[in-house]
**Q** 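Input: one structure, supplied below.
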Amino acid sequence: MLKGIAASEGIGIGKVVTIRQQKVTYEQRQVADPDGETERLHDAIEQFKERTEALAQEMEKSVNPKEAEIIRGHMVMLSDPFMVSQMDDMIKNDSICAEAAAETVLDMFKMMFASAEDELTQQRATDVEDIKTRLLKILLGIEEADLKTLPAGTVLVVNDLTPSMTAELNRDNIAAIVTESGGLTSHSAILSRALEIPAVLSVLNATVTLKDSSTVIVDGSNGEVINDPAVSQVEEYEARRDEYLKEKEMLKSFIGRETLTLDGAKKEVFCNIGNPKDGIQAKERDGEGVGLFRTEFLFMDRDSMPDEQEQYEAYKKVCDTLEGKTIIIRTLDVGGDKEIPYMNLVKEENPFLGFRAVRYCLQNEEQYKLQLRALIRANNDTTGNLWIMVPMVTTVGEMKAVRAMVSDLAEEMDMKMPKVGTMIETPAAFVIADVLAKYCDFFSIGTNDLTQYIMACDRGNSNVAYLYKAYDPAVLRAIRRIIESGIDAGIPVGMCGEAAADPLLIPMLISFGLEEFSVSPTSVLKTRSEIARWSKAEADRITDDVMALETAGEVYDYLMKNVAK
Ligand code: PEP
Ligand code: MG
């Protein structure tokens, strides 16, 4: 089995067609007639634009106007007078051929994009490369591979799928796409998702390993490619594909709908995100808000801390994207399994029980204030639904300290105070939830850590994975008590741990009175559909049965029998 990046969901089974993009070569020559050469270049650019416009129009029909804009972006780039005048100058001053002028200038732009800080701008380098290849082909009179006429059931295997190639594909004939390069946010990935073609990207040596006409299975949901599968595997994946397609159709009916239980009680499905771009996904996937923005991801993979302005912009962006919705942003949850090298945290014997999250932040006040200020400003400058959430709280003192800091800063800044609440993810917080509620505007249950701490088993240690179960009666009792404490105190209670998206647990969470389920953007519709299956009475019946059971195994078996579809 080959592994790659799961870029577009679904399962495709078909026969390999490999398209090898040859490097376009030409002889660099001096030209005797620079004016004539400039004219040749301009003719080629005009042809490029005409073909691109035709492609964009086709895309508009086959996908949608938004995706066609990606292709139109290529026209815009080549219409840039600055770019074209640089090519003209090179032909005029150095008497070089149009191919060389175009390649030199476009390579320069490509390098500029590739060295940008943010990933989205970096991806534009691929677009420039695509433009360059197509323009050179026009100049050299090379015909493009005809992707429109690929036979039905094709698994397209390419080194890199360019946006223009994607635009040419006949969606009905392409079972799946496999590439050797490209990432989740590349235009090819975006377009294959828009075309709903399963795609696995960045599969090492795919164009060599996967032979033309051989059968392959492409699992775009798990990033897997099975070469020459056995008949039994094909049957298994065909069944999975049919199941996936059936469910996908069913889930479509939940787009844009309120989240309601079977008997009409209102619930909310929020999203867990790690950066502002995920906010876009949350919106696209119909999330009703953000229940957890893990801000530590803004601090990772870099050499120094993001300053107040950078943080402010990231937080504001999410609020702007999901305008008017509740956005719960968790303050820095450093430590444990989340290491940030430049923070110079001392290595500890028990990092999960050590100097992490709010413990670290309260000892590094200036740094923490910077994040809190950015949050208060973002709340102030948007619709005011940004809530601040504190991770790893174990004492009332921590909560009081953070509240006091937020309140003092808001007063100093003459801005309104955002809501401040806590994750309930430690046994201490659960035991004193009724007291903590006095100092919190909301609770969000972090079942990932809560399970690890209640069961006293490291969440990443496979030797104790048999204990790490949210189905354990100990964890379930904790969840029930936390929700009850929140309800008694009159504050909203959500859940942002993985358990919120577990269909087996949903009836119990409804019965306990959970209001908000925060899940990954891809699980929004599924979670909404699961919530819609249960009335309060039926959920209560399940819960009564489950709460009388004694072990995680018994609970799981019961739920598989009585809750699983
Ligand atoms: C949790 O602990 O449940 C949680 C949502 O946070 P994280 O997984 O980031 O620790
Ligand atoms: Mg946690």
Side-chain angles (χ1 to χ4, degrees), residues 268-275 278 282 287 289-301 326-340 345 350-361 371 387-394 398-399 402 421-430 433 436 440 442-461 465 467-472 474-476 478-483 486 492-502 505-506 509 512 514 516-524 527:
E268 283 174 315
V269 182
F270 283 12
C271 289
N272 293 346
I273 64 170
N275 60 54
D278 294 347
V290 167
L292 166 65
F293 179 170
R294 292 182 162 98
T295 59
E296 51 279 6
F297 288 106
L298 293 180
F299 292 68
M300 289 175 179
D301 291 330
T326 301
I327 308 294
I328 304 180
I329 303 190
R330 179 172 77 183
T331 60
L332 184 64
D333 189 9
V334 66
D337 57 348
K338 295 158 185 153
E339 214 193 319
I340 300 176
L345 287 169
N350 286 307
F352 275 118
L353 300 181
F355 190 48
R356 60 173 290 204
V358 70
R359 302 169 181 185
Y360 171 90
C361 289
Q371 181 170 40
W387 300 4
I388 297 176
M389 178 155 76
V390 191
M392 195 56 196
V393 166
T394 48
E398 287 163 344
M399 218 40 233
V402 177
T422 181
M423 303 263 308
I424 303 273
E425 55 182 345
T426 66
F430 135 59
L436 270 177
C440 291
F442 64 94
F443 282 165
S444 183
I445 309 174
T447 50
N448 306 343
D449 274 320
L450 187 68
T451 306
Q452 112 164 315
Y453 292 126
I454 287 203
M455 299 308 296
C457 70
D458 183 334
R459 64 197 252 189
N461 182 341
L467 286 170
Y468 185 79
K469 301 238 153 54
Y471 307 121
D472 198 284
V475 181
L476 294 176
I479 293 174
R480 176 161 71 180
R481 276 271 310 278
I482 296 163
I483 297 173
V493 183
M495 177 177 284
C496 57
E498 291 301 310
D502 184 345
L505 291 175
I506 280 175
L509 299 176
F512 294 157
L514 190 74
E516 171 245 299
F517 298 67
S518 193
V519 303
S520 77
T522 49
S523 301
V524 169
T527 306

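For reference, positions follow the sequence shown, starting with 1. Every number for a ligand or one of its atoms is a count from 1 in the order of the listing.
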**Q** Heavy-atom contacts under 4.0 Å between Met423 and ligand 1: side chain, backbone, both, or neither?
**A**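 Near ligand 1, Met423 shows its side chain, while the N, CA, C and O stay back.
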**Q** Does the pair Arg359 and Met392 meet the rule for a side chain to side chain contact (heavy atoms under 4.5 Å, CB included), with working shown?
**A** CA-CA 8 Å; Arg359 302 169 181 185; Met392 195 56 196; 3.6 Å; yes
**Q** Do any nitrogen or oxygen atoms of Arg294 lie less than 3.5 angstrom from nitrogen or oxygen atoms of ligand 1?
**A**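 Min N/O separation from ligand 1 is below 3.5 Å for Arg294.
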**Q** First locate atom CG of Leu292, then atom CZ of Arg330, and finally report the distance between them rounded to the nearest 0.5 Å.
**A**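 Atom-to-atom, Leu292:CG and Arg330:CZ are 5.0 Å apart.
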**Q** What are the atoms of ligand 1, with element, lying closer than 4.0 Å to any heavy atom of Cys496?
**A** 5 (C)
**Q** Do you know which of Phe293, Phe442, Phe443 makes ring-ring contact (aromatic ring centres under 6.0 Å, His included) with Trp387?
**A** Phe442
**Q** Check Leu292 against ligand 1 and report side chain, backbone, both or neither, counting heavy atoms closer than 4.0 Å.
**A**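 For Leu292, the contact with ligand 1 is made by the side chain alone.
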**Q** Go through the steps for Asn461 and Tyr468 under the test side-chain hydrogen bond (donor to acceptor under 3.5 Å, both in side chains), then give the verdict.
**A** CA-CA 9 Å; Asn461 182 341; Tyr468 185 79; over 6 Å; no
**Q** For ligand 1, does Met495 get within less than 4.0 Å through its side chain, its backbone, both, or neither, judged by non-hydrogen atoms?
**A**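 Neither; no heavy atom under 4.0 Å.
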**Q** Where is the nearest protein heavy atom to atom 6 (O) of ligand 1: which residue, which atom, and how far?
**A** Arg330 NH1, 3.0 Å
**Q** Before signing off on this row, confirm whether Leu450 and ligand 1 have an N or O atom pair separated by under 3.5 Å.
**A**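 N/O-N/O distance below 3.5 Å does not exist for this pair.
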**Q** For Glu425 and ligand 1, does the shortest N/O to N/O distance drop below 3.5 Å?
**A**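 In this structure, Glu425 places an N or O atom under 3.5 Å from an N or O of ligand 1.
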**Q** Before moving on, can you tell me the angle at the Mg ion (ligand 2) between the OD2 atom of Asp449 and the OE1 atom of Glu425, to the nearest 10 degrees?
**A** 90°
**Q** Any atoms of ligand 1 less than 4.0 Å from a non-hydrogen atom of Asp449? List them with their elements.
**A** 1 (C), 2 (O), 3 (O), 10 (O)
**Q** Taking the side chain as every heavy atom from C-beta outward, state whether Thr447 and Ile479 have any pair of such atoms under 4.5 Å apart.
**A**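 Yes, their side chains come closer than 4.5 Å.
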**Q** What protein heavy atom is closest to atom 1 (C) of ligand 1, reported as residue, atom name and distance in Å?
**A**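 Of the protein heavy atoms, Asn448 CB, 3.4 Å lies nearest.
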**Q** List for me each residue that meets side chain to side chain donor-acceptor pair (under 3.5 Å) alongside Ser518, sequence neighbours excluded, and say none if there are none.
**A**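 With sequence neighbours excluded, Ser518 shows a side chain to side chain donor-acceptor pair (under 3.5 Å) to Asn272, given in chain and number order.
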**Q** Can a salt bridge be assigned to the pair Arg356 and Asp449 using a cut-off of 4.0 Å between side-chain N and carboxylate O?
**A** yes
**Q** What do we get for Arg459 next to ligand 1 when only non-hydrogen atoms under 4.0 Å count, side chain, backbone, both or neither?
**A**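 Side chain only.
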**Q** Any side-chain to backbone donor/acceptor pair from Asp458 onto Gly460? Under 3.5 Å, distance only.
**A**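 Looks like yes, one N/O pair under 3.5 Å.
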